[in-house]
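What follows is a short report on a single structure.
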Amino acid sequence: MKKQLETFISQSLATLQTQNILAADLNPSVHIERTRDVAHGDFATNIALILAKSAKTNPRQLAEQIIAALPVNEAILKVEIAGAGFINFFMNPNAQYQVIADIQAAGEKFGLSQIGAGKKVQVEFVSANPTGPLHVGHGRGAAYGSVVGNLLIATGFDVHREYYVNDAGRQMDILATSVWLRYLEASGETFIFPSNAYRGEYVRDIAQKLIDQHSKKFARSSEIVFANLPLDEPEGGDKEIYIDALISRAKELLNADYRVVFDTGLNDILGDIKDDLAEFGTTYNQWFSERSLMDDGSIDKALAVLKSNNYLYEKDGAIWFKSSELGDEKDRVVIRDNGQPTYFASDIAYHWNKLERGFDVLIDIWGADHHGYIPRVKAALIALGADATKLNVLLVQFASLWRGEEKVSMSTRSGEFVTLRELRDEVGKDAARFFYVMRRSEQHMDFDLELAKSKSNENPVFYVQYAHARVCSVFRTHGEKGFTQDITLGMANLAELNAEHETVLLTTLARYPEVIERAATQYEPHLLINYLRELATDFHTYYNAHQFLVENDTLRNARLNLITSVRQVLANGLTLLGISAPEAM
RNA sequence: GCGCUUGUAGCUCAACUGGAUAGAGCACCGACCUUCUAAGUCGGGGGUCGCAGGUUCGAGUCCUGCCAAGCGCACCA
């Protein structure tokens, strides 16, 4: 209906253009809004206010001309000019029932659209280093990314979800070394564990698996392992230099076996991450390996192009990229003085690879702490001669965990962080997903564990799910009372749904496709959450105000068709969020 | 110091991207269960949209300057 009005207005404007009332080269974007106040009708547009200046007339006069040129349509009851020049549309009340037929016909497809027109979109999200289990910070990115993906699919985009696996690089070497040291400890060696190594309990578990599978194959005496190393930080040294020296020592002593230790750690943790995300309802089309970019020469190739485009230079033994010439704060190292490419070098190759795969839009979902990284990636794409405007980086702020009034402290340093798995175990998948996407992603959010668990009206998850369960419950009672639903009879008598609560509900239902479209194109899943809360409220209010299972056959069946539509839309929305729509609670 | 993000009711957050009288939920006060699930509903009070300017028919929304919070400013990822 909204779309239809937009078309009508556009037609009217085109007419005015042929009459030279409006300039022919004008290409206005018509924007129709739902009104906030019933006195303003059902829909309104400010188009006359926007165009008045260029038409060299006053808004109200232009509004009159627009209305005069409007096509006649029986769905429009009347059109008024209000305020400074708003055009208000009052729709024919009979038109409001159409939505029930639409929902019934489309079913679970109601709300889907084709505005994406099959455009290829890649959504990359989470992509946490496989150096440990996912924590609650990753959870927000996982929930947000998967819902954004669902919304884009729902609006006709061709979506490819991807997790970039950082299976190369220094952090992974630190993990591999940490695993090996725990392995040595478990084999009976004693030494002081490095301050910069991974200390989590899971590292010991992986070490134990190594022992189970390979016995003492990788054991070396601690005298040999720690001979002639620089000092660790607690002893007055540098923890980074110390751990790097240990990594070199591990590679030296283990030779080819280093890769076995490394891969055991990688595969164990990555497997855990995959299981974790799958249980959280977050799935991927592809797990993209950083190492593969090194192995197939993609990094060398990207750097060669940068070099031939004159964006690389050497300084202090390292190779630098002139990102400062393309909007970044300073130049960035791509090859360290030790000859190793930086993480940034692989990321250049990775983003280039994404574009070469033919995606029309790239969406990267990052933690907000990585925001400073955006200019250099865009700079790299420009320097490669690629289209950097295709890259869209969405930032997700951290969530603070609360237990009622008490803030849950989290410190990565001590290894005492709350994992996503712990969160899921405590509050469940549905509540976790709902809470994560309840707020705009750039908004810092407080996540109250007590609230997420509570089975009360304070908890918005239960509130929405309860609305769905309630409709199902009505139908159970309906059967118990010996009624048989007659959908056709209900459809023929929808006009009996003339109570104010019913009108409100019909309007809310009709808004659903608009909400999906907006939530998708703006990448704002919280709009869908807000909508579902409103729909649930409208339904609960209706439920309390009217009895559905009345004796009157026509009215009863009309009402049943209405609440069936409510159930359908609630289920559709919850499905997009990856949240269950329970039939009973 | 520079950059990014944020600042709206006591608290947590919305506000259709520049529109009409800024809205919800908690919390607080007061009503509603012999009824299709009270995990629900109804009513009430509560606001200098961080502050100050500017842009225009019109600003919570845009521009400038301050103030405050978070994050970032590696040859880590």
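Sequence lines set the chain letters: A, B, ... in the order given, protein chains first and strands last, and positions in each chain run from 1. Values below: every heavy atom of this structure, side chains too, minus hydrogens, waters and symmetry copies.
Between the C1' atom of B:rG40 and the CD atom of A:Gln465 lies a distance of 16 Å, rounded to the nearest Å. Spacing between atom CD of A:Gln340 and atom P of B:rA77 amounts to 10 Å, rounded to whole angstrom units.
Base engagement by A:Asn46 is indicated by at least one non-hydrogen atom pair under 4.0 Å involving a base atom. Residue A:Glu442 is classed as a sugar-phosphate contact, given heavy-atom separations below 4.0 Å to backbone atoms only. Within the 4.0 angstrom heavy-atom criterion, base atoms lie near A:Tyr373. At a threshold of 4.0 angstrom between heavy atoms, the contacts of A:Ala545 with the nucleic acid are absent. Residue A:Ser473 is in base contact, counting any heavy-atom pair closer than 4.0 Å across all strands shown. Contact annotation for A:His371: base contact, defined as any heavy-atom pair under 4.0 Å involving a base atom. If you check every strand for non-hydrogen atoms under 4.0 Å, A:Asn196 touches nothing. Residue contacts for A:Asp37: at a heavy-atom cut-off of 4.0 Å it reaches a base atom on one of the strands shown. Using a 4.0 Å heavy-atom distance criterion, A:Ala467 is classed as making no nucleic acid contact. Using a 4.0 Å heavy-atom criterion, one finds that A:His546 contacts the bases of the nucleic acid, with or without backbone contacts as well. As judged by a 4.0 angstrom heavy-atom cut-off over every strand, A:Ala318 is placed among the base-contacting residues. Residue A:Asp316 is classed as a base contact, given a heavy-atom separation below 4.0 Å to a base. A:Gln397 comes within 4.0 angstrom of sugar-phosphate atoms only, judged by non-hydrogen atoms across all strands, and of no base. Contacts of A:Tyr543 with the nucleic acid, taken as non-hydrogen atoms under 4.0 Å apart, include base atoms.
Checking A:Asp331 against A:Leu549, the closest nucleotide of RNA chain B that is more toward the 5' end is the one next to A:Leu549. Heavy-atom distances to RNA chain B give each of A:Ala469 and A:Ile335 a nearest nucleotide, and the one nearer the 5′ end belongs to A:Ala469.
For CD of A:Glu583, the number of neighbouring non-hydrogen atoms (other residues, nucleotides, ligands) closer than 6.0 Å is 12 at most.
Among B:rC75, B:rU41, B:rA20, the nucleotide with an atom closest to any side-chain atom of A:Ala44 is B:rA20. Comparing B:rA77, B:rG25, B:rA20 by their closest approach to the side chain of A:Arg533 singles out B:rG25.
The cationic group of A:Arg556 lies under 6.0 Å from the six-membered ring centre of A:Phe483 and within 45° of the ring axis, placing it in a cation-pi geometry.
Nucleotides B:rC49 and B:rA59 are separated by 12 Å at their P atoms, to the nearest Å. Here, B:rG18 and B:rA24 have their P atoms 24 Å apart, quoted to the whole Å. Distance noted for atom P between B:rG1 and B:rC63: 23 Å (whole Å). On the P atoms, B:rG40 is 34 Å away from B:rU21, given to the nearest whole Å. Comparing B:rG46 with B:rA27, their C1' atoms sit 11 Å apart, to the nearest whole Å. B:rA14 and B:rC71 have their C1' atoms separated by 24 Å, given to the nearest Å. Only the P atoms considered, B:rG7 is 10 Å distant from B:rA15, to the nearest whole Å. Rounded to whole Å, the separation between the P atoms of B:rU12 and B:rU56 comes to 37 Å.
Aromatic pair A:Tyr523/A:Tyr144: ring centres not closer than 6.0 Å. In this structure, the ring of A:Phe288 has its center less than 6.0 angstrom from the ring center of A:Tyr350.
Relative orientation of the A:Phe539 and A:Tyr542 rings is perpendicular, given thresholds of 30° and 60° on the angle between their planes. In this structure, A:Tyr543 and A:Phe548 have perpendicular ring planes: the angle between them is above 60°, well past the 30° mark. Taking the six-membered ring for Trp and thresholds of 30 and 60 degrees, A:Trp366 and A:Tyr373 have ring planes more than 60 degrees apart, a perpendicular arrangement.
Between A:Glu514 and A:Arg34 there is a salt bridge, since at least one side-chain N of the basic residue sits less than 4.0 Å from a carboxylate O of the acidic one.
For a distance-only test at 3.5 Å, the side chain of A:Asp369 fails to qualify as a donor-acceptor partner of the base of B:rA77.
Across A:Val147 and A:Leu576, no two heavy atoms sit closer than the pair CG1-O, 3.9 Å.
In the model, A:Glu290 has a side-chain atom that pairs as donor or acceptor with a side-chain atom of A:Ser346 under 3.5 Å. Inspection of the A:Ser289 and A:Asp167 side chains reveals an N or O donor paired with an N or O acceptor under 3.5 Å. The closest side-chain donor-acceptor pair between A:Gln465 and A:Asp430 falls under 3.5 angstrom.
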- Item | Structure string for RNA chain B in dot-bracket form, Watson-Crick and G-U at under 3.5 Å, | interchain | (((((((..((((.....[...)))).(((((.......))))).....(((((..]....))))))))))))....

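By the criterion of a centre-to-centre distance under 5.5 Å and near-parallel planes under 30°, the ring of A:Phe86 forms a stack with the base of B:rA20.
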- What string of B, S and - do you get for nucleotides 9-16 of chain B, 5' to 3', if B is base contact, S is sugar-phosphate-only contact and - is no contact with any protein heavy atom under 4.0 Å? ---BSSSB

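Regarding the sugar-base torsion, B:rC33 falls in the syn class, its angle being within 90° of 0.
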